[in-house]
2 protein chains.
Amino acid sequence: MTGDFRRAHSSAPPAEPIEGEQKGPDVGTRLRELRKMHGLSQRELAKRAGVTNGTISLIEKNSISPSVGSLKKVLDGFPISIADFLTLELKPRKKVFYQAKELREIASGAVSFRLVGRDTRGRAIQMMHERYAPGADTGDEMLSHTGEECGIVVAGVLELTVGGEVRRMVTGDAYYFDSRLPHRFRNPGTVDCVVVSACTPPSF
Amino acid sequence: MTGDFRRAHSSAPPAEPIEGEQKGPDVGTRLRELRKMHGLSQRELAKRAGVTNGTISLIEKNSISPSVGSLKKVLDGFPISIADFLTLELKPRKKVFYQAKELREIASGAVSFRLVGRDTRGRAIQMMHERYAPGADTGDEMLSHTGEECGIVVAGVLELTVGGEVRRMVTGDAYYFDSRLPHRFRNPGTVDCVVVSACTPPSF
DNA sequence: GTCATTTGTTTAGGATACTCAACAGCTTTA
DNA sequence: TAAAGCTGTTGAGTATCCTAAACAAATGAC
């Protein structure tokens, strides 16, 4: 059996191939490279981890998708956490001043997001001038992404939901939270709501 | 069969129990809480993820340890990466919402800096609500420190000097620069100037 | 050269993960 | 009072993971 686990069991019909893992190499390749960086053989790692060398081999060849428990056991042989393992990296003067009209509109309609700077590449912060029309909403679907974000309400009223907690915020109020917590913005008022926000790293 | 996967298969003899997962709740609890934060039922999530509701149930009860492939499929239903999922702080100790009066004043007088959050430790961004009285100035001495900073003028007029370049900015205008460049803020107008700014890393 | 070690790979079979479908409990609608 | 809708749980069967052991190839010792 030289199966490829990406076929994702026998579930969805054709089931489009699962992406490797965020960006970067797949689990098997990551493990192999990390193991070699540590100068270990499959058997040495297997012994430390309390699994068999065959398991290491199968994982590295992507012949199987290890269970979370097994992967943790294997990585404990280094040791390294699963999160670190999956995100590990294996391998002058810009424009300063922007006129209001130069802010780049990246979401027009009931919700307007105007970005400071043409693009966020090479920048640590993404700052935006946001405007929500009455009733406007970032969507039924909760947002969620890596990073941190904060903002101050400059005008109007903002209803902010973060990790299940809902709060009504008025002019001058502010927020700060981990962007991985599901969140949602909505204007429950009758006039435009304006917010200045910042997040890191840039997510658009 | 109500097995507990922590017994880690039939490998190592007693095999001390595998720790939940780094710090914080185990995979099952994390999944359950995250799912509820998103307001989804087991069946809804299962449908999005392309697995059965039974699988979600078994994972959440820690009756099984899902394979990495399966866990990824499940988390794609939100979506969120495995790494973020495992490091997510479920119970945010940090305060998220701040009333205007709660912003911490860190520079009173002609210049007022009001910080979002009591302190910036453990945070990636320092956001401030700044107010400059007419004629107010950050000082004859140019500022300079590591990091990046940006802001949007919310009211009044701001004269900003960065790396020798002086610019008059009005409501709605914005800036972004490397904080190592010497810089200075001044209000050349006759009414208060209000700015919302953000910088990283926090420098106070 | 032969033997001993080490390497990674592969096979068979038992252990576990996963699906399908049935089940019980709760809420809403008729 | 069903009846239909939802919720999460669970049992039986199948697909997959994981181990134990055998294997071939490469390396080093003598």
Side-chain angles (χ1 to χ4, degrees), chain A residues 1-15 17-18 26-77 82, chain B residues 1-15 17-18 26-77 82:
Chain A
M1 204 278 275
T2 315
D4 182 339
F5 78 84
R6 291 201 191 78
R7 286 192 302 109
H9 303 140
S10 60
S11 60
I18 293 180
D26 52 81
V27 172
T29 305
R30 295 188 94 89
L31 179 59
R32 172 153 298 178
E33 297 194 359
L34 186 60
R35 176 173 62 79
K36 297 203 160 166
M37 280 196 229
H38 282 260
L40 298 174
S41 70
Q42 289 182 344
R43 278 181 169 79
E44 285 175 298
L45 174 57
K47 188 175 181 180
R48 292 196 195 186
V51 300
T52 62
N53 59 302
T55 300
I56 305 290
S57 175
L58 293 169
I59 294 173
E60 291 187 353
K61 291 166 61 57
N62 283 314
S63 294
I64 65 175
S65 174
S67 74
V68 173
S70 298
L71 182 57
K72 171 141 182 47
K73 268 174 74 175
V74 170
L75 297 181
D76 280 347
I82 295 182
Chain B
M1 199 279 275
T2 315
D4 182 340
F5 77 87
R6 291 202 191 77
R7 285 193 303 108
H9 303 141
S10 60
S11 61
I18 292 180
D26 51 82
V27 172
T29 305
R30 297 190 92 87
L31 180 59
R32 172 154 298 180
E33 297 198 359
L34 186 60
R35 175 174 63 78
K36 296 199 164 172
M37 280 194 211
H38 281 265
L40 298 175
S41 70
Q42 289 183 345
R43 280 181 168 80
E44 285 175 298
L45 175 57
K47 188 175 180 182
R48 293 195 194 187
V51 301
T52 62
N53 60 302
T55 299
I56 305 291
S57 176
L58 292 169
I59 294 174
E60 290 187 354
K61 291 164 60 59
N62 283 314
S63 296
I64 64 175
S65 174
S67 74
V68 173
S70 298
L71 181 56
K72 172 143 181 41
K73 267 173 76 176
V74 171
L75 297 181
D76 280 347
I82 295 181

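What's counted below: heavy atoms across the whole structure, side chains too, no hydrogens, waters or symmetry copies. Bear in mind that the values here come from a model prediction, so they are computed numbers and not experimental data. Just so it is clear: chains get the letters A, B, ... in the order the sequence lines come, proteins before strands, and each one is counted from 1.
- Here dA15(D) presents its P atom at 15 Å from NZ of Lys73(B), a figure rounded to the nearest Å.
- Contacts of Ser57(B) classified as side chain to side chain donor-acceptor pair (under 3.5 Å), with partners at least two apart in sequence or in another chain: none.
- Of all heavy-atom pairs between Thr52(A) and Ala46(A), the closest is C-CB, 3.6 Å.
- In this structure, the CZ atom of Arg32(B) is 8 Å from the C1' atom of dG8(D), given to the nearest Å.
- With sequence neighbours excluded, the residues forming a side chain to side chain contact (heavy atoms under 4.5 Å, CB included) with Arg48(A) are Leu40(A), listed by chain and number.
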Grab the N/O contacts between the protein and nucleotides 4-7 of chain D below 3.5 Å, and write none if there aren't any.
{"residue": "dT7(D)", "atom": "OP1", "partner": "Ser41(B)", "partner atom": "OG", "Å": "2.7"}

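- Applying the side chain to side chain contact (heavy atoms under 4.5 Å, CB included) test to Leu75(A) and every residue at least two apart in sequence or in another chain returns Leu31(A), Leu71(A), Phe78(A), Ile80(A), Ile82(A), Phe85(A).
- Between Ile64(A) atom CD1 and dC17(D) atom C1' there is a gap of 6 Å when expressed in whole angstrom units.
- Regarding Leu58(B), its CG atom lies at a distance of 12 Å from the C1' atom of dT16(C), rounded to whole Å.
- The distance from atom NZ of Lys47(B) to atom C1' of dC20(C) is 17 Å, rounded to the nearest whole Å.
- As a whole-Å value, the separation of Asn62(A) CG from dT9(C) P is 12 Å.
- Residue Leu45(A) contributes atom CG, which lies 14 Å from atom C1' of dT7(C) at whole-angstrom precision.
- Across the protein-nucleic acid pair, Ile59(B) atom CD1 and dT10(D) atom C1' stand 16 Å apart, rounded to whole Å.
- Residue Gly54(B) is the one, among Ile56(A) and Gly54(B), whose nearest nucleotide of DNA chain D lies closer to the 5' end (criterion: closest heavy atom).
- One finds a side-chain N or O of Ser70(A) lying less than 4.0 angstrom from the OP1 or OP2 phosphate oxygen of dC18(D).
- Between Thr52(A) and dA21(D) there is no side-chain N or O to OP1 or OP2 distance below 4.0 Å.
- For the OP1/OP2 pair of dT16(D) and a distance below 4.0 Å, the side-chain nitrogens and oxygens of Ser65(A) include no atom meeting the criterion.
- Considering all non-hydrogen atoms of both residues, Ala49(A) and Val74(A) come closest at CB-CA, 3.5 Å.
- At the phosphate of dT10(C), OP1 or OP2 sits under 4.0 Å from a side-chain N or O atom of Lys61(A).
- For Ser57(A), a side-chain nitrogen or oxygen approaches OP1 or OP2 of dT9(C) to under 4.0 Å.
- Pairs engaging residues 49-60 of chain A under the salt bridge (charged side-chain N to carboxylate O under 4.0 Å, His left out) rule: Arg32(A)-Glu60(A), Arg35(A)-Glu60(A) [sequence neighbours left out].
- Put simply, the side chain of Asn53(A) and the base of dT9(C) share a donor and an acceptor less than 3.5 Å apart.
- Between the CG atom in Asn53(A) and the CG atom in Leu58(A) there is a gap of 9.5 Å [rounded to 0.5 Å].
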